[in-house]
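Only one structure is covered here, and it is reproduced in the block below.
Throughout, numbering of the chain's residues begins at 1 and tracks the sequence. Only this structure's heavy atoms are used, side chains among them; waters, hydrogens and symmetry mates stay out.
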Amino acid sequence: QVQLVESGGGLVQAGGSLRLSCAASGRTFSSSAMGWFRQAPGKEREFVAAVSWSDGYAYYADSVKGRFTFSRDNAKNTVYLQMNSLKPEDTAVYYCAVPPYGRTWSIYSSEYEYWGQGTQVTVSS
């Protein structure tokens, strides 16, 4: 059973930075695709970033490209989402997610099997 625990959210002013963490148990991250999603009040959950298990390449939504960076620490079985130049529209609950074993990353939340509890990010203007 995969368990994911996010942390690192908080309140930050526009232009500031936060680093989200997602610690996993039950699966080795180094061989697993991973995704980050976010959900703002009244909106659907949307794709933010993902990393491929096969080549480790990271993919980003256009809205965060150049500002957010996905990284991983295999020794700690933890992935990170470094968020810079934050904007008020980045305000949301952020979730990390893992697809079924052997499946690759996807921009669709329905393709992921395991989810963390989420961490709130609030960006003030």
Side-chain angles (χ1 to χ4, degrees):
Q1 181 73 14
V2 175
Q3 291 187 324
L4 305 172
V5 179
E6 301 102 335
S7 61
L11 173 64
V12 64
Q13 288 187 334
S17 299
L18 284 173
R19 189 178 78 157
L20 305 184
S21 301
C22 175
S25 60
R27 182 184 295 178
T28 301
F29 267 172
S30 60
S31 60
S32 178
M34 287 288 303
W36 283 98
F37 288 77
R38 66 187 181 187
Q39 188 166 17
K43 295 187 176 181
E44 293 187 355
R45 193 166 295 188
E46 66 172 358
F47 171 77
V48 175
V51 65
S52 167
W53 70 270
S54 59
D55 57 16
Y57 192 79
Y59 301 84
Y60 301 93
D62 289 342
S63 59
V64 306
K65 199 173 296 182
R67 300 187 298 122
F68 291 12
T69 303
F70 200 135
S71 63
R72 71 194 333 167
D73 185 333
N74 291 336
K76 295 182 179 180
N77 219 30
T78 299
V79 296
Y80 305 96
L81 186 68
Q82 177 66 43
M83 306 186 297
N84 298 328
S85 302
L86 283 162
K87 305 174 181 180
E89 51 264 43
D90 294 318
T91 294
V93 177
Y94 284 71
Y95 300 90
C96 61
V98 174
Y101 183 78
R103 298 285 295 275
T104 188
W105 70 279
S106 171
I107 65 171
Y108 302 106
S109 60
S110 60
E111 299 292 321
Y112 291 78
E113 182 175 7
Y114 301 101
W115 293 83
Q117 83 287 355
T119 185
Q120 175 71 47
V121 171
T122 303
V123 184
S124 63
S125 57

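A single hydrophobic cluster is seen to contain both I107 and Y57, as judged by linkage of ILVMFWY side chains at heavy-atom distances under 4.5 Å, directly or through other members. By the criterion of side-chain heavy atoms lying less than 4.5 angstrom apart, applied directly or through intervening Ile, Leu, Val, Met, Phe, Trp or Tyr residues, V93 is not grouped with V121; the two fall into different hydrophobic clusters.
Without hydrogens or angle criteria, E6 side chain to Q117 main chain gives a donor-acceptor distance under 3.5 Å. At least one donor-acceptor pair closer than 3.5 Å links the side chain of T91 to the backbone N or O of V123. Panel note: side chain N74, backbone N77; no donor-acceptor pair is recorded below 3.5 Å. Looking only at distances, a side-chain donor or acceptor of T78 sits under 3.5 Å from a matching main-chain atom of K76. For the pair T122 (side chain) and L11 (backbone), a donor-acceptor distance under 3.5 Å is absent. Y60 places a side-chain N or O within 3.5 Å of a backbone atom of F70 that can act as its donor or acceptor partner.
Using a 4.0 Å cut-off between charged side-chain N and carboxylate O, D90 and K87 make no salt bridge.
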Notebook entry, point to check: Which is it for S106 and F47 under the side-chain contact (heavy atoms from CB on, under 4.5 Å) test, yes or no, and what are the steps along the way?
Noted result: CA-CA 8 Å; S106 171; F47 171 77; over 6 Å; no
Margin query: Let's go through L4 and V98 carefully: what are the C-alpha distance in whole Å and the side-chain angles of both, what is the deciding distance for side-chain contact (heavy atoms from CB on, under 4.5 Å) to 0.1 Å, and is it a yes or a no?
Written below: CA-CA 9 Å; L4 305 172; V98 174; 3.8 Å; yes
Note to self: side-chain contact (heavy atoms from CB on, under 4.5 Å), that's the test. Do L20 and Y80 meet it? Break it down for me.
What the structure shows: CA-CA 5 Å; L20 305 184; Y80 305 96; over 6 Å; no
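Taking each heavy atom of A40 and A92 in turn, the nearest pair found is N-CB, 3.8 Å.
Counting only heavy atoms from C-beta outward, the side chains of M34 and R72 approach each other to under 4.5 Å. Side-chain contact between Y59 and S52 is present, with at least one heavy-atom pair separated by less than 4.5 Å. Residues E113 and P100 form a side-chain contact, since some pair of their non-hydrogen atoms from C-beta on lies under 4.5 Å apart. Looking only at side-chain heavy atoms (C-beta outward), F68 and N84 stay at 4.5 Å or farther from each other. Using a 4.5 Å heavy-atom cutoff, the side chains of L81 and V48 are in contact. Using a 4.5 Å cut-off on side-chain heavy atoms (C-beta onward), P99 and E111 make no contact. No side-chain heavy atom of Q82 sits under 4.5 Å from any side-chain heavy atom of L18. A heavy-atom distance below 4.5 Å is not found between the side chains of C96 and W115.
Under 3.5 Å, the side chains of R38 and Y94 contain a donor-acceptor pair of N or O atoms.
For the ring pair (Phe, Tyr, Trp, His ring centres under 6.0 Å) criterion with F37, the lone passing option out of Y112, Y95, W105 is Y112.
The line from OG of S85 to CZ of R67 is 7.0 Å long, rounded to the nearest 0.5 Å.
By the neighbour-count criterion of 12 heavy atoms within 6.0 Å, atom CD of Q3 is sparsely surrounded, having that number or fewer from other residues, nucleotides or ligands.
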